[in-house]
> 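My structure is below; once you've seen it, I'll send some questions.
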Amino acid sequence: MNLRFLLQSPENKPRWLVLFLLGLIVAFAIVVTTAYIKNSIAQTSSLALSVDVTADRHSISPDIYGMNNYAIDRTLAQELRIPVERWGANHTSRYNWLVDSSNAGDDFFFVGGGDNKNPIPGDSIDKIIKTNRTNGSKSIVTIPMIGYVNKFSTWNCGFRVSKYGPQEKTNPYIFPEGDKCGNGKRPDGTVITNNNRLDVSIVSDPNLQKRWVQHLVKTHGTAAKGGVQIYQMDNEPSGWGNTHRDVHPEPTSYDELRDRTYQYASMVKATDPSAKVLGPSDFGWPVYVDSGVEGDRQKHGGVWFARWYLQQMRAYETNKGVRILDYFDEHYYPSAENTCIALCPAGDAKTQALRLRSTRSLWDATYTDESWIGKYNPPLTILPRFKQWIKQDYPGTKLAITEYNWGALDSINGALTQADILGIFGREQVDLATLWGPPQSSEPGAYAFRMYMNYDGKGGKYGDTWVRSRSTNQGLLSIYGAHRSIDGVLTLVVINKTPNNITSNLSLKGFNPGGKAQVYTYSKANLGAIVRQSDLGVSAAGFGATYPANSITLVAIPK
């Protein structure tokens with residue numbers, strides 16, 4: 001149809017013709033809209049769920065529900081008894097336990113110290129460990145391996161304007177002596193490279209860190225007796241050359257990371273043999289692949305950096321008879337083109353849909369990551385990839401993800417995504433995970449954790465043994481099933497990721513229901529509570545149910 005014909009002045013056209021053509025356009029629009037609606041309805045009405053309690057059974061680690069204790073909501077930590085809390089982040093690379101202070105590096109103008117004029121060695125970390133113990137949480141403590149730690153307990157910085165001259169940016173705060181701290185770049189943007197590494201730092205070695213581990217054991221007991229259970233070998237070491245370029249401007253090579261891990265991890269094991277060690281805790285896909293040192297990967301047989309690290313930890317045990325790595329740990333933050341997902345607000349509808357889809361990069365071999373990474377790489381399949389490396393290169397090593405964040409935890413979109421991730425971690429046999437930037441107790445993201453850890457407000461938990469659970473379209477209606485060993489209850493988490501209610505039939509196999517199921521739902525209809533629904537009749541063959549739009553539903557079926 002020539003729409004330009006209609007847009008021209010109608011004076012020279014018969015009125016009936018104009019009305020006829022306009023009618024055709026309206027009819028066409030109705031047909032298209034109706035077809036779209038029918039297609040959407042057909043897509044969701046055909047969704048089916050299935051659970052086989054006898055198949056694919058494996059333990060679900062309780063440690064996948066961990067959090068980083070930076071800005072953690074203590075009310076939430078106490079309510080849920082968060083299983084693992086991690087003390088980590090960029091500043092921990094420069095922590096000096098003797099003066100109980102650290103340095104933020106490039107995160108904040110290379111500022112270190114604080115207002116503490118009479119520091120107590122290790123005091124701030126001791127308090128964290130004691131709080132974790134009270135909350136029933138394991139502690140992960142980061143051991144600096146970078147080679148330099150902060151010198152002073154009082155305010156200081158690596159690039160003072162008075163010493164290194166005007167700089168591209170200075171922090172908005174003035175120190176008592178009237179000086180300012182710069183970002184280590186001259187006004188033209190060139191990096192300052194002639195700084196003295198010992199301006200505000202001291203040399204750190206395994207002996208200094210050994211004294212700290214001894215202090216932790218003396219203060220809190222060994223790991224076996226409730227002390228620090230896990231030690232992380234620094235934080236994102238491939239980022240030292242950027243974040244901490246004032247003391248480590250060089251990129252971290254394959255060999256440097258191996259050698260430093262050998263030195264510090266073996267020290268931890270010798271000091272507390274009951275403790276576990278976790279590493280390399282690097283920051284993402286680029287450093288899974290290579291070190292950033294030119295030609296480094298080629299010098300090491302073309303093996304990816306992260307995988308080579310695993311191989312070298314196995315070689316140490318083969319040669320020395322001691323396992324110094326218990327958890328293979330990496331950080332993972334999703335990325336996307338032309339929008340922000342990780343650590344970002346919910347965004348528009350397009351961004352929210354992408355956030356929900358992007359969890360598939362953790363596991364789905366049919367999904368191409370919608371970022372620059374996906375353009376140049378095959379499906380990421382992050383978790384199966386890591387599991388395969390462990391199986392081939394260092395069997396018996398556990399898998400950890402100690403930093404991840406999909407953003408929007410203050411919205412239902414973020415809650416749905418977080419609930420999906422926790423289900424994926426259980427299905428894919430992750431052993432430990434700690435969310436970076438945890439939600440406040442009242443935020444939707446906290447309810448994603450409650451659905452797994454306290455869905456009824458009385459300590460009701462999702463099961464601890466995974467069972468086969470499938471959806472005909474996991475991207476629209478996800479299901480995660482688990483058997484609860486304490487009472488035999490079958491628990492199902494069902495996530496409706498669409499803006500429409502979905503009615504679906506679930507086929508059940510290998511389980512004999514003992515009565516009606518309890519049903520709990522968290523949705524946009526009430527962001528301040530998990531709401532108990534009417535009990536649901538369940539037969540040995542299964543049940544049918546309607547899942548509200550944008551919701552998380554937990555179904556608890558008694559044996």
Side-chain angles (χ1 to χ4, degrees), residues 68 70 88-96 102-112 142-150 156-160 164 167-171 181-201 203-204 232-261 264 279-297 304-306 308-309 329-335 340 342-344 371-373 402-405 436-437:
N68 283 267
Y70 175 74
N90 287 335
H91 72 283
T92 62
S93 294
R94 304 277 288 280
Y95 178 71
N96 181 352
S102 190
N103 188 293
D106 193 49
D107 287 348
F108 190 74
F109 299 97
F110 300 90
V111 169
T142 301
I143 297 293
M145 298 196 305
I146 193 171
Y148 296 87
V149 293
N150 200 52
N156 60 88
C157 64
F159 293 101
R160 289 178 177 270
Y164 294 104
Q167 294 172 51
E168 181 186 53
K169 296 178 182 178
T170 56
N171 81 27
C181 296
N183 67 344
K185 295 181 181 179
R186 297 183 179 87
D188 63 1
T190 58
V191 175
I192 295 172
T193 58
N194 63 338
N195 67 296
N196 184 348
R197 301 186 188 194
L198 299 180
D199 278 348
V200 296
S201 302
V203 173
S204 174
Q232 177 176 296
M233 295 297 99
D234 214 292
N235 175 79
E236 299 185 352
S238 291
W240 291 342
N242 177 46
T243 306
H244 299 292
R245 67 176 185 275
D246 57 327
V247 296
H248 194 294
E250 312 85 4
T252 305
S253 69
Y254 277 56
D255 291 350
E256 181 186 7
L257 181 57
R258 175 199 61 197
D259 294 345
R260 288 187 181 275
T261 304
Y264 288 84
S281 309
D282 238 330
F283 61 77
W285 186 268
V287 292
Y288 302 163
V289 176
D290 206 343
S291 67
V293 176
E294 186 175 355
D296 210 12
R297 181 167 138 187
W304 284 20
F305 192 18
W308 186 86
Y309 172 91
D329 171 51
E330 294 287 21
H331 298 168
Y332 183 73
Y333 292 91
S335 54
C340 180
L343 299 166
C344 288
S371 71
W372 67 268
I373 303 173
T402 58
E403 281 191 30
Y404 71 94
N405 183 293
W436 180 260

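Note that this is a predicted model, so its numbers are computed, not measured.
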> Check the pair D106, R245 against salt bridge (charged side-chain N to carboxylate O under 4.0 Å, His left out), reporting the backbone distance first and the verdict last.
CA-CA 8 Å; D106 193 49; R245 67 176 185 275; 3.4 Å; yes
> If you measure from CG on L257 to CG on D282, what distance do you get to the nearest 0.5 Å?
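Here the rounded value is 7.0 Å.
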> How long is the span from the OG1 atom in T170 to the CZ atom in F109, to the nearest 0.5 Å?
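Going from the OG1 atom of T170 to the CZ atom of F109 covers 6.5 Å.
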> Looking only at atom types and distance, does a side-chain atom of R197 sit under 3.5 Å from a main-chain N or O of V247, one as donor and one as acceptor?
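Yes, the answer is positive, given that a donor and an acceptor are paired below the 3.5 Å cut-off.
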> Say whether N235 and S281, considering side chains only, have a donor N or O and an acceptor N or O under 3.5 Å apart.
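Side-chain D/A pair, N235 to S281: absent.
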> Decide whether S291 and D296 meet the rule of one side-chain donor and one side-chain acceptor closer than 3.5 Å.
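Checked: S291/D296 side chains pair up, N/O donor to acceptor below 3.5 Å.
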> Are the side chain of N150 and the backbone of N96 linked by a donor-acceptor contact shorter than 3.5 Å?
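No; zero donor-acceptor contacts below 3.5 Å.
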> Does either side chain, that of N90 or that of D107, offer a donor lying less than 3.5 Å from an acceptor on the other one?
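The answer is yes; a qualifying pair exists.
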> Can any side-chain N or O of H248 pair as donor or acceptor with the backbone N or O of E250 at less than 3.5 Å?
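Yes.
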> Step by step, work out the ring-ring contact (aromatic ring centres under 6.0 Å, His included) result for Y254 and F305.
CA-CA 7 Å; Y254 277 56; F305 192 18; 4.5 Å; yes
> How close do P144 and V149 get, heavy atom to heavy atom, and via which atoms?
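The answer is CB-CG1, 4.1 Å.
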> Just how far is it from atom CD1 of I146 to atom NE2 of H244, taken to the nearest 0.5 Å?
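Atom-to-atom, I146:CD1 and H244:NE2 are 5.0 Å apart.
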> Is there a donor-acceptor contact under 3.5 Å from the side chain of Y148 to the main chain of S204?
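A pair under 3.5 Å: no.
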> May I ask you to decide if L198's main-chain N or O and S201's side chain share a donor-acceptor pair within less than 3.5 Å?
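No, because the side chain of S201 does not come within donor-acceptor range (under 3.5 Å) of the backbone of L198.
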> If you take all heavy atoms of T402 and N68, which pair is closest and at what distance?
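Smallest interatomic distance, heavy atoms only, reads O-ND2, 3.0 Å.
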> Is a side-chain N or O of T190 found less than 3.5 angstrom from the main chain of R186, in a donor-acceptor match?
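Not at all, since once roles are kept as given, no pair shorter than 3.5 Å links the two residues.
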> Within this structure, what is the CD-CG distance for the pair Q167 and D188, rounded to the nearest 0.5 Å?
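Output value for this atom pair is 11.5 Å.
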> Strictly by modelled atom types, are E403 and Y333 linked by a side-chain donor-acceptor pair under 3.5 Å?
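Yes - a donor-acceptor pair under 3.5 Å links their side chains.
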> Between Y164 and N196, is any side-chain donor less than 3.5 angstrom from a side-chain acceptor?
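N196 and Y164 do not have a side-chain donor-acceptor pair below 3.5 Å.
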> Looking at Q232 and D234, would you say the former's side chain and the latter's main chain have a donor-acceptor pair under 3.5 Å?
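Yes; judged by distance alone, with no hydrogens or angles, the pair exists.
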> Within this structure, what is the OG-CD distance for the pair S253 and E294, rounded to the nearest 0.5 Å?
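The distance works out to 14.0 Å.
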